[in-house]
Every structure is written in structure tokens, then in C-alpha cells.
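Take a look at the structure set out below.
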Amino acid sequence: MYENLSEWRYAEYAKEGQLRAYKLTDVDNSVNLAPILQRAKSGATLDTLAKLLQVAETVSYQDASDYIEELCEAQILVSELEITVSGSEPLTQLIKKLDELEDVQVYKDFFNKLYNLLSNPINDVAYYRQIILFLEQIVGGKISENDIFQVDMFISQKKKVIDKKVINKVIEQVNNLLAFAPPYKNEVLNSFKTSFKKKIDVAEIPLAMVMDLDSGIGYGNFIEANPGDSGWGDDLLVTNRVVSATNIDTLQQFVIEKHLSILNTEITVVDITDDDIANIKKKLQTEFF
């Protein structure tokens, strides 16, 4: 969350199946909201925030509590138990926070047992079913086994030796395949870097403000989005029809030629010769370098 002129902006999410879809949301920086956010910075209970608002605005505790609940529903206030992007593992963070609370011993014991269980893995189906039972106890119902575990398979070898001839042959073939993988150009990222250099340069500002269309430069398709309301532009039908010439590069030309050879000769196998690869490499050096 960051302040932009007379508003607070933050990323709000909505559940779409098992995924989260985020959108940039703004809310007015009202006299009611400012002291709540200031107090919540260092951590506070909902009861503490409700009492703060009750005194500051001379309202009933119930009205203040309802307002705080609305802030939570709008994700302006979030629990410290929310999963974070960086830091310790989520389960470790959860146990640490529970240790600071009272009257939650049942949950402490449960998650500590789960942590110990996960810390000592056993390659056995019964072990994983035990974890599932643990989790079903806490959620109070069945859970999908497909969403719980990620399995990596490692095959053991009797001898970990590869003949040098095999390695050299693989390297040779990979080098040939690289001819079909020209350097990738991310035009969206390149455009962003150019705009960043022009407008921001060496200034240090939060990334969220850089991505903001009003205070920063946006990114990708969001650059063309309308950052606010406009009485002059509302309800206008705007189309982005761009007519451009089609340029066929070396690889596309090569594929077209091979495809035409199939149509003309009705062959079922396409051969790519060393001469083909040499010609492609030579032309690509001219196009990309």
C-alpha cells in the first residue's frame, strides 16, 4: 500500500478457483482512515483499532468495529498470518505468531506436530496419508490430495559416467539446434527500461509507484489503460487497429520452404541438413548481430 496524492493505493485480490487475481485499487485518504493505518503499521488487534476510532470520532464501539471489519473485507487491513512473498517458510511464520497468542494451545500443538512430521520425511504412502489426515482435521473436511504435495523423482544410477564421445555429440547437436533459437527480444521490457531511464533514471522510488499510471510509467498493456475518469472521453468507442507490413525472417522462410516441399513431393519426413543449418546461422548473424 502506498499514498498517491489524496488516495491510498494497494493490490486487492479475488479468488479465481485456486488462484488469486490481483487488481490495483484506490481508496480516499479520509480523516477516519489515516489514524487507523498509522496505528496498524506496527501491528494492532481489531479491538484496539475499533477503540481508537471510537474515541477519535466519538462513535459507538459497534459502529467503529463494523468499520474496521469493512477495512478487513476490502483487504486494506490484513492479518499478520497472511502468507508472505519473502522471509521464513509460511508454517514457521505461523507457529511463531501463534506462540505470541494466548488460548490457542490446541493450534500450537497441532502445527508443531505437523512441522515435526514435515521435517522428517519418509518415502512411504502412509506418511503422506498421515499428513493429509492432519490437514483435514484443521480444515474440518476433505481436501484434494493433488493440491498438497509436489513430488520430485530422482533415479539412482549404478555408475554415473558418460562417455566423452556422447557428450561431444550432444554438444554438437545442441549447437546446431541453437540456430533455431535466435536471441529473444522482449519489446515490452525494453520499452519499460527506456521509459524508466527517461522519467525516473537514478531516483529511488517504490516499485509500486513506478508501475502506477499516475505517478509512474506503467508496464506493458497497462500503459494504454485509462488511469482515471474523464467526462470528455467516457463512452467513446476507441479501437487500436494497427496496419503493418508482415516481415518474414530467416526461420519463417525456412519453415515455409520445407512446408512447400512437403506439399509438392508428398514426403512424410523432413530432413534438415548440415548445409541448411550453416545457411541459417549465416543469415541469422546478419539479422541479429
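In this chain, residues are counted from 1 in sequence order.
Residues Leu114 and Leu135 meet the side-chain proximity criterion, which asks for heavy atoms closer than 4.5 Å. Lys281 is listed as a side-chain neighbour of Asn176, based on a closest heavy-atom distance under 4.5 Å. The side-chain heavy atoms of Val59 and Tyr67, taken from C-beta on, include no pair separated by under 4.5 Å. Side-chain contact between Tyr107 and Asn112: absent, with no pair of heavy atoms (C-beta onward) separated by less than 4.5 Å. Between Leu117 and Gln130, the closest side-chain pair of non-hydrogen atoms falls below 4.5 Å. Counting heavy atoms from C-beta on, the side chains of Cys72 and Leu46 come closer than 4.5 Å.
Here the CD1-NZ distance, from Ile205 to Lys199, works out to 8.5 Å after rounding to the nearest 0.5 Å. Separation of atoms CG (Leu94) and NZ (Lys108) is listed at 11.5 Å; rounding is to 0.5 Å. Taken from CD in Glu73 to CG in Leu71, the straight-line distance is 9.5 Å, to the nearest 0.5 Å. Taken to the nearest 0.5 Å, the CD1 atom of Ile36 stands 13.5 Å off from the NZ atom of Lys41. Interatomic distance, Tyr115 OH to Ile95 CD1, rounded to the nearest 0.5 Å: 7.0 Å. From Glu70, atom CD reaches atom CG of Leu77 across 11.5 Å, with rounding to the nearest 0.5 Å.
There is no path of hydrophobic side-chain contacts, each under 4.5 Å, that joins Tyr13 to Trp8. Hydrophobic clustering keeps Ile262 apart from Leu251 (ILVMFWY residues linked when any side-chain heavy atoms are closer than 4.5 Å, directly or through intermediates). Both Ile171 and Val166 are part of a single hydrophobic cluster, where members link through side-chain heavy atoms under 4.5 Å apart. Cluster annotation: Val255 is not connected to Phe180 through the hydrophobic network of ILVMFWY side chains, with a link wherever side-chain heavy atoms come within less than 4.5 Å. There is no path of hydrophobic side-chain contacts, each under 4.5 Å, that joins Val55 to Leu53.
What you find for Pro121 and Leu118 is that their closest heavy atoms are CD-O, 3.7 Å. The heavy-atom pair separating Asp276 from Lys258 by the smallest distance is OD2-NZ, 3.3 Å. Leu81 and Lys97 get closest at one heavy-atom pair: CD2-CB, 3.4 Å. Listed here is the closest heavy atom pair of Ala64 and Ala50: CB-O, 3.3 Å. Closest heavy-atom contact between Leu49 and Ala44: CD2-CB, 3.9 Å. When all heavy atoms of Gly87 and Gln93 are compared, the closest pair comes out as C-NE2, 4.1 Å.
No donor-acceptor pair closer than 3.5 Å links the side chain of Asp271 to the backbone N or O of Thr273. Proximity of a side-chain donor or acceptor of Asp163 to a complementary backbone N or O of Lys165 within less than 3.5 Å is detected. A donor-acceptor pair under 3.5 Å links the side-chain atoms of Thr194 to the main chain of Asn190, judged by distance alone.
In this model, no donor atom of one side chain and acceptor atom of the other lie less than 3.5 Å apart for Tyr127 and Asn120. Between the side chains of Asp63 and Ser60, at least one donor-acceptor pair of N or O atoms lies under 3.5 Å. Using modelled atom types, one finds no donor on one side chain facing an acceptor on the other under 3.5 Å when comparing Ser261 with Asn264. In summary, the side chains of Glu257 and Gln253 do present a donor paired with an acceptor at a separation below 3.5 Å, with no hydrogens or angles considered. In the model, Thr45 has a side-chain atom that pairs as donor or acceptor with a side-chain atom of Thr48 under 3.5 Å. A donor-acceptor contact closer than 3.5 angstrom is absent between the side chains of Glu172 and Asn168.
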May I have the step-by-step check of side chain to side chain contact (heavy atoms under 4.5 Å, CB included) for Phe110 and Gln137, ending in yes or no?
CA-CA 9 Å; Phe110 172 83; Gln137 290 177 25; 4.3 Å; yes
Report the C-alpha distance between Asp47 and Tyr61 in whole Å, list the side-chain angles of each, state the deciding distance to 0.1 Å, and finish with yes or no for side chain to side chain contact (heavy atoms under 4.5 Å, CB included).
CA-CA 9 Å; Asp47 177 67; Tyr61 178 81; 2.6 Å; yes
Residue pair Asn29, Leu37: steps toward the side chain to side chain contact (heavy atoms under 4.5 Å, CB included) verdict:
CA-CA 10 Å; Asn29 189 6; Leu37 295 180; 5.6 Å; no
Determine, step by step, whether Phe111 and Ile138 satisfy the side chain to side chain contact (heavy atoms under 4.5 Å, CB included) criterion, reporting the C-alpha distance in whole Å, the side-chain angles of both residues, the deciding distance to 0.1 Å, and the verdict.
CA-CA 9 Å; Phe111 286 111; Ile138 194 65; 4.1 Å; yes
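Each of Leu177, Ile280, Ile277 was compared with Ile272 under the side-chain contact (heavy atoms from CB on, under 4.5 Å) criterion, and only Ile277 meets it.
By the neighbour-count criterion of 12 heavy atoms within 6.0 Å, atom CD of Glu7 is densely surrounded, having more than that number from other residues, nucleotides or ligands. Around CG of Leu101, the count of heavy atoms belonging to other residues, nucleotides or ligands within 6.0 Å exceeds 12.
Note on Arg20 versus Glu82: salt bridge recorded, some NZ/NE/NH1/NH2 to OD/OE distance being below 4.0 Å. The existence of a salt bridge linking Lys113 and Asp109 is excluded, since no basic side-chain nitrogen approaches an acidic carboxylate oxygen closer than 4.0 Å.
Taking the six-membered ring where tryptophan is involved, the planes of Tyr128 and Phe149 are perpendicular, since the angle between them exceeds 60° and thus also 30°.
With sequence neighbours left out, the ring-ring contact (aromatic ring centres under 6.0 Å, His included) criterion links Phe196 to no other residue. Shown here are the ring-ring contact (aromatic ring centres under 6.0 Å, His included) partners of Tyr2, two or more places apart in sequence or in another chain: there are none.
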